[in-house]
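Numbers for residues simply follow the sequence, beginning at 1. Since this is a predicted model, take the numbers as computed values, not measurements. Just so it is clear, the values below take in all heavy atoms, side chains as well, and ignore hydrogens, waters and symmetry mates. Remember, it's 1-based here, ligands and their atoms both numbered in the order they're listed.
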Amino acid sequence: MPRGNIAHGLTVLAGPTAVGKGTVSTYIRDHYPHVWLSVSATTRPPRPGEKEGVHYYFVSPERFDELVAAGEMLEWAVVHGRNRYGTLRSTVEQAVAEGRSVLLEIDLQGARQVREKMPEANFVFLSPPSWDEMVRRLVGRGTETALEQQRRLETAKLELAAESEFDHTVVNDDVQRAAAELVSLMGLAPSERT
Ligand code: 5GP
């Protein structure tokens, strides 16, 4: 069941590896300017085309340690057993205080931490149309090694089992449709920028 006032609050989008969370959130960034998409900090190096402050804040492990020690992370996690990713607390809190509709696209561990701290937030699980389709997407991405793909599939199996912890499920059968459903679950009109 939805909890609290979700219209101008915080929505957390999580789901298994390679389900297309990044694609859906990129679509939302490009087509729904009234959604405030949180930019995470990460210790992972940028991929080709990724921009500082747009896709992530790319930070050193030392800087990440400092942010954690300073209490600047609303949540953070080691994802796929490798790099650290975290949500910058002050920017999100400020956006929520300003009445913006905030979207966090994070992993399941992070979603659980946000639930502890902000149980009134709206939790949306993005699910794949099928397991086979998810494997196809993961392998098709082609940016990770075979070992990395295997690691991500193991994570995905565990993450699929978490669907019942969420308020809503959106099936990512089509990016445009899934984005519109997510935006309407945020209590916003699902009209795109043209
Ligand atoms: P990628 O390296 O492909 O950009 O992202 C890998 C994973 O990190 C994705 O599942 C994404 O949801 C997750 N992620 C991105 N930002 C954050 C964050 O701030 N916190 C957490 N916990 N996970 C994140």
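- In the model, Gln113 has no side-chain atom that pairs as donor or acceptor with a side-chain atom of Gln109 under 3.5 Å.
- Ser127 and Glu163 share no donor-acceptor pair across their side chains, judged by distance under 3.5 Å alone.
- Listed by number with element, the atoms of ligand 1 under 4.0 angstrom from any heavy atom of Lys21 are 10 (O), 12 (O).
- An N or O contact shorter than 3.5 Å links Ser40 to ligand 1 by distance.
- Nearest-heavy-atom check against atom 13 (C) of ligand 1 across Leu126, Asp107, Val12, Val78 picks out Asp107.
- Proximity to Gly110 (heavy-atom distance under 4.0 Å) selects the following atoms of ligand 1: 22 (N).
- Ligand 1 lies within reach of Gly86, whose nearest heavy atom is under 4.0 Å from it.
- Here Arg47 has side-chain heavy atoms under 4.0 Å from ligand 1, and that is the only part of it that gets that close.
- Of all the heavy atoms of Gln109, none lies under 4.0 Å from any atom of ligand 1, so neither backbone nor side chain is involved.
- Considering CZ of Arg115 and CD of Glu165, their distance stands at 7.0 Å, rounded to 0.5 Å.
- A heavy-atom separation below 4.0 Å is not found between His55 and ligand 1.
- Those atoms of ligand 1 that come under 4.0 Å of a heavy atom in Arg44, given as number and element, are 1 (P), 2 (O), 4 (O).
- The structure places CG of Leu37 at 13.0 Å from CZ of Arg100, a figure rounded to the nearest 0.5 Å.
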- Query: When you look at Val183 and Ile28, which way does the side chain to side chain contact (heavy atoms under 4.5 Å, CB included) test go after all the steps?
  - Reply: CA-CA 8 Å; Val183 168; Ile28 286 178; 4.1 Å; yes
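- The ligand atoms of ligand 1 that sit less than 4.0 angstrom from a heavy atom of Tyr56 are 1 (P), 4 (O), 5 (O), 15 (C), 16 (N).
- The two residues Pro128 and Met134 come nearest to each other via the heavy atoms CG-SD, 3.6 Å.
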Exercise. When you look at Asp107 and Arg112, which way does the salt bridge (charged side-chain N to carboxylate O under 4.0 Å, His left out) test go after all the steps?
Worked result: CA-CA 9 Å; Asp107 89 320; Arg112 287 180 174 137; over 6 Å; no
Report task. Mind running side-chain hydrogen bond (donor to acceptor under 3.5 Å, both in side chains) on Gln176 and Asp174 for me, showing each step along the way? Result -> CA-CA 6 Å; Gln176 189 175 2; Asp174 173 85; over 6 Å; no
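- The distance from ligand 1 to the heavy atoms of Ala77 drops below 4.0 Å at these ligand atoms: 22 (N).
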